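Scroll down for the structure; my scribbles are underneath it.
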Amino acid sequence: MPESVGPPNRPCMSQTAPIKHALPVLRQDDFAQWYQAVIAEAELAEESGVRGCMVIKPWGYGIWERIQKLMDERIKEAGVDNCYFPLFIPLSYFTREAAHVEGFAKEMAVVTHHRLIGDGKGGLIPDPEAKLEEPLIVRPTSETVIGAAMARWIQSWRDLPLLTNQWANVVRWEMRTRMFLRTSEFLWQEGHTAHADEADAMAETLRALEMYRSFAEDVLAMPVVAGPKPENERFPGAVETFSIEAMMQDGKALQAGTSHYLGTTFSEAAGIRYQDKEGQQTLCHTTSWGVSTRMIGGVIMVHGDDDGLRTPPRIAPQQIVILPMLRDNDGDAALLEYCAALRAKLAALSVFDEKVRVLLDKRPGKATAKRWGWVKKGVPLILEIGGRDAEGGQVSVLRRDRLWREDGKANFVGMAQDDFVGMAAGELEAIQQALFEEARARRDAQIVRDIDSVAGLEAYFAEDKQFPGWVELGWSRPTAAALDKVVEQLKALKLTIRNTPMDDVPVSGTCPFTGEPAVERILVARAY
RNA sequence: CGGGGAGUGGCGCAGUCUGGUAGCGCAUCUGCUUUGGGAGCAGAGGGUCGCAGGUUCGAAUCCUGUCUCCCCGACCA
């Protein structure tokens, strides 16, 4: 039995034969256009006609459903219960917390009327008679409305901790939108928890952060750096914000998940109090944490290549697609029978503690034409089965992460059906692992650690560098006005501070911004 | 929100300056041939030119407004 399907891909540049890639734009030529091409060609999503809002198509939504399922399992394992809160939040809820409303005021959609009326010219306008007494906000996030519920639900120390989550859509009226990365409406989960004290709330904040880190790496095959954000990057109303940061193939950072310790900010605003064991009324300490459809944008920019998406097997809606080479003749029936039997054998297998997801693509049309659609969608394994395969008990296998032979042809490998059935689960595991290793190696190679001056930063991020990565450096953690100055300096170079990696690497030297001794390390990068 | 670009069959585009029969490629459909790796030939169908007003005998084309998308910037916990 072969150990794996086909030799590994060579790097694109060293191909000896020209390759006819499936996408009209290559990454190295125009990364932004390439990103949009993947979304269109892989049929992940499309424009909706509504500003900043997208239609998520079956393959894209299928990936989201996979993310939802696997994340939901982890949330429930942590003892968090799902709830659902209203889409509309009364305006007055926001005015209770100044920092929070300050952060979101400019990007909120407001409902002011509850009825339409004819304008006399064949159109419709909001009925002036139907104006709402108090405007309703379409939720940009749900701290305020869930805080109000928590205030009702929590009376005693016995009610704590209160651990809730909701899967929902939220709306933020962003100035500039990008599919999946920043849409006006997006889908997410938001966890909201209340605790007796800071220690318990911080422990929950860090538990969620670690849940996101391991999810990104184990499920999305997307290496991330987890850590606290600097104070200028905090969520409005948060005492401490943590993030996971992933590196895209163009070297930019993407914040792929956040976890906030909110202190008593929202407890004070909403009156979330409990009677402690001594009989005292005490404010709760709350947290919130979320990941969104933005993660799909990250998957695209981490795993996509010049032939489309490479969907990590754990989140692929279909892991194996079987393409019968139909001839519109009498042989088709036997071929389909062979393929159906193969499908059943593969679907009975398990990988990653779930059944293998296999599709027999019986749609009319040539297998060779349908193949490229599945390549662009990033199905991990594609099987093309012809009449001779069926007669000889063979299969022809294409691994999405090893797509091309050196002669520029698709890297199909023929083998006995039984051999493939025996190795299919292992191949899916290997692809998942290979995608992660490739992304991690690329990221690690693009983090620079020997820059110790602002001039050095300037040189590293010079205009002629196509895809500069990240810089990790020690700094003195300035605050307030001193921090503002650093942020200004970085902004001139289009740079942002991502987070402080949570690892045990010691820090030394002096801060390039203040000249004072460095006290911690930060990641500096361009970001989405 | 500022600057720039763009909206014409499902997709990609030409036509707009200089108003006068709505075109091309891909895709689709039909037929024939071919086919173990992204087929060839022939024929056919499909568009109130983003939307709303205006000018005109006549508007894809000119004018006004508006919506949406792309790029750069600002903004974005």
Side-chain angles (χ1 to χ4, degrees), chain A residues 19-22 24-25 30-33 35-37 40-41 43 46-54 97 99-108 119 121-123 140-141 143 170 172-179 181-184 186 190 228-243 255 257-262 265 288-290 292 294 307 323-329 331 335 364-376 382 384-392 394-396 398 403-405 407-412 414 491 494 496 499 527-528:
Chain A
I19 284 176
K20 192 178 164 191
H21 284 293
V25 192
D30 189 332
F31 197 80
Q33 292 295 321
Y35 175 73
Q36 294 187 109
E41 298 285 330
E43 301 185 281
E46 66 182 16
E47 292 305 330
S48 63
V50 180
R51 184 201 149 81
C53 297
M54 60 181 171
E97 217 304 294
H100 191 60
V101 75
E102 170 76 13
F104 283 108
K106 290 180 204 155
E107 53 183 51
M108 295 203 279
D119 64 357
K121 291 177 275 185
T141 180
E143 275 75 8
V170 290
R172 298 179 185 180
W173 212 263
E174 300 287 353
M175 285 294 133
R176 187 176 173 184
T177 59
R178 276 170 181 274
M179 290 252 200
L181 298 176
R182 181 173 289 106
T183 44
S184 298
F186 56 91
E190 47 180 327
K229 305 283 275 185
E231 66 178 43
N232 64 303
E233 297 273 350
R234 277 178 202 146
F235 176 77
V239 174
E240 186 92 76
T241 286
F242 298 82
S243 72
Q255 179 175 294
T258 50
S259 186
H260 314 289
Y261 167 59
L262 303 172
T265 304
S288 69
W289 29 272
S292 71
R294 170 182 273 197
D307 300 291
L323 296 173
M325 301 177 72
L326 300 173
R327 291 276 184 265
D328 288 325
N329 62 28
L335 176 58
K366 294 191 69 173
T368 48
K370 288 192 286 182
R371 176 206 306 159
W372 295 103
W374 291 114
V375 165
K376 289 187 282 192
I382 295 173
E384 286 187 18
I385 314 290
R388 270 174 253 163
D389 292 319
E391 285 165 24
Q394 298 284 117
V395 295
S396 190
L398 183 64
L403 195 56
W404 299 106
R405 290 199 316 235
D407 62 3
K409 299 233 163 119
N411 191 16
F412 277 100
K491 195 169 166 184
K494 300 182 191 173
T496 56
N499 65 19
Y528 279 100

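Quick caveat, the model's predicted, so the values are computed rather than measured. Proteins come first, then strands; the chains are lettered A, B, ... in the order of their sequence lines, and each starts at number 1.
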Could you measure the distance from the CZ atom of A/Arg172 to the OG atom of A/Ser184? Nearest 0.5 Å is fine.
11.5 Å
Contact class for A/Gly373 vs. all strands (heavy atom < 4.0 Å): base, sugar-phosphate, or nothing?
nothing
With a 4.0 Å cutoff (strictly under), does any side-chain N or O of A/Lys366 reach OP1 or OP2 of B/U35?
no
Could you tell me whether the side chains of A/Ser288 and A/Glu143 share a donor-acceptor contact shorter than 3.5 Å?
yes
Any side-chain heavy-atom pair of A/Tyr35 and A/Tyr528 under 4.5 Å
no
Answer with base, sugar-phosphate or nothing: what part of the nucleic acid does A/Glu47 contact at a heavy-atom distance below 4.0 Å?
sugar-phosphate
Between B/U55 and B/U16, how many Å separate the two P atoms, rounded to a whole number?
25 Å
With P as the reference atom in both, quote the distance from B/G45 to B/C24 in angstrom, rounded to an integer.
12 Å
The test is side-chain contact (heavy atoms from CB on, under 4.5 Å); show your working for A/Phe186 and A/Met54 and say whether it passes.
CA-CA 9 Å; A/Phe186 56 91; A/Met54 60 181 171; 6.0 Å; no
Rounded to whole angstrom, note down the C1' distance from B/A27 over to B/A44.
14 Å
Could you state the interatomic distance from CD1 (A/Ile385) to CG (A/Leu326), rounded to the nearest 0.5 Å?
11.5 Å
Would you indicate, yes or no, if B/A74 has its OP1 or OP2 atom less than 4.0 angstrom from a side-chain nitrogen or oxygen of A/Lys494?
no
Starting at atom CZ of A/Arg51, determine the distance to atom C1' of B/C51, rounded to an integer number of angstrom.
18 Å
Pick the P atom in B/G65 and in B/U28, then give their distance to the nearest Å.
43 Å
Short side-chain N/O contact from A/Arg176 to OP1 or OP2 of B/C72, under 4.0 Å:
yes
Would you indicate, yes or no, if B/C70 has its OP1 or OP2 atom less than 4.0 angstrom from a side-chain nitrogen or oxygen of A/Gln36?
yes
Is B/U30 paired to anything, Watson-Crick or G-U wobble with both distances less than 3.5 Å, and if yes, which nucleotide?
B/A42
Touch class at under 4.0 angstrom, heavy-atom based, for A/Arg172 against every strand present
nothing
Which part of the nucleic acid, if any, lies within reach of A/Lys106 when heavy atoms closer than 4.0 Å are counted: base, sugar-phosphate only, or nothing?
nothing
Base, sugar-phosphate, or nothing for A/Gly387, non-hydrogen atoms under 4.0 angstrom?
base
In Å and rounded to the nearest 0.5 Å, what is the CZ to NZ distance from A/Arg327 to A/Lys366?
7.0 Å
Any side-chain N or O of A/Thr368 less than 4.0 Å from the OP1 or OP2 oxygen of B/A39?
yes
Counting side-chain heavy atoms from C-beta on, which of B/G36, B/A74, B/U68 comes nearest to A/Ser396?
B/G36
Between B/C69, B/C76, B/A74, which nucleotide has the shortest distance from any of its atoms to the side chain of A/Glu174?
B/C76
Using a heavy-atom cut-off of 4.0 Å across all strands, would you classify A/Lys491 as base, sugar-phosphate, or nothing?
sugar-phosphate
Look up atom CD in A/Glu233 and atom CG in A/Asn499, then write down how far apart they are to the nearest 0.5 Å.
10.0 Å
Suppose you measure atom P in B/C17 against the same atom in B/C76; what distance do you get, rounded to whole Å?
44 Å
Ranking B/C75, B/G36, B/C72 by distance to the side chain of A/Met175, first place goes to B/C75
Are A/Trp372 and A/His21 close enough that their ring centers fall under 6.0 Å?
no
If you measure from the P atom in B/G4 to the same atom in B/U8, how many Å do you get, rounded?
22 Å
Check whether any side-chain N or O of A/Glu174 sits under 3.5 Å from a backbone N or O of A/Thr177 as a donor-acceptor pair, and report yes or no.
no
Whole-angstrom distance between B/U48 and B/C1, as gauged at atom P
32 Å
As its Watson-Crick or G-U partner within any shown strand, both distances under 3.5 Å, B/A52 has B/U64
Quick one: A/Phe31 CZ to B/C71 C1', roughly how many Å, whole number?
16 Å
How is A/Gly49 classified with respect to the nucleic acid when contacts are heavy atoms under 4.0 Å: base, sugar-phosphate, or nothing?
sugar-phosphate
Partner of B/G25 under the Watson-Crick or G-U wobble criteria, both distances under 3.5 Å, comes out as B/C11
Which base sits across from B/G47 as a Watson-Crick or G-U pair, both distances under 3.5 Å?
none
Starting at the 5' end of nucleotides 45-50 of chain B, put B wherever the base has a protein heavy atom under 4.0 Å, S where only the sugar-phosphate does, and a dash everywhere else.
------
Quick one: look up who B/U18 pairs with, Watson-Crick or G-U, both distances under 3.5 Å, and put none if it's unpaired.
none
Earlier contact from the 5' end, RNA chain B, for A/Pro236 and A/Arg371
A/Arg371
For A/Arg178 and for A/Lys229, find the nucleotide of RNA chain B with the closest heavy atom, then tell me which residue's nucleotide is more 5'.
A/Arg178
Would you compute the distance between atom CZ of A/Arg371 and atom CG of A/Leu323 and round it to the nearest 0.5 angstrom?
8.5 Å
To the nearest Å, give me how far apart OH (A/Tyr35) and P (B/C69) are.
15 Å
Base-pairing mate for B/A74 - Watson-Crick or G-U, with both contacts under 3.5 Å:
none
Atom-to-atom span, CZ of A/Arg327 to P of B/G36 - whole angstrom
6 Å
Can you tell me the distance, in whole Å, between the OH atom of A/Tyr528 and the C1' atom of B/G73?
16 Å
Rounded to whole Å, CD of A/Glu46 lies from P of B/C11 at a distance of 9 Å
A/Asn329 CG - B/C32 C1' separation (whole Å)
17 Å
Give me the distance, rounded to whole Å, that separates B/U64 from B/A59 when you measure between the C1' atoms they each carry.
15 Å
Does the pair A/Arg405/A/Asp407 count as a salt bridge with the N-to-O cut at 4.0 Å?
yes
Let me know the distance between CG of A/Asp30 and P of B/C71, rounded to the nearest Å.
8 Å
Give one of base, sugar-phosphate or nothing for A/Ala32, where a contact means two heavy atoms less than 4.0 Å apart.
sugar-phosphate
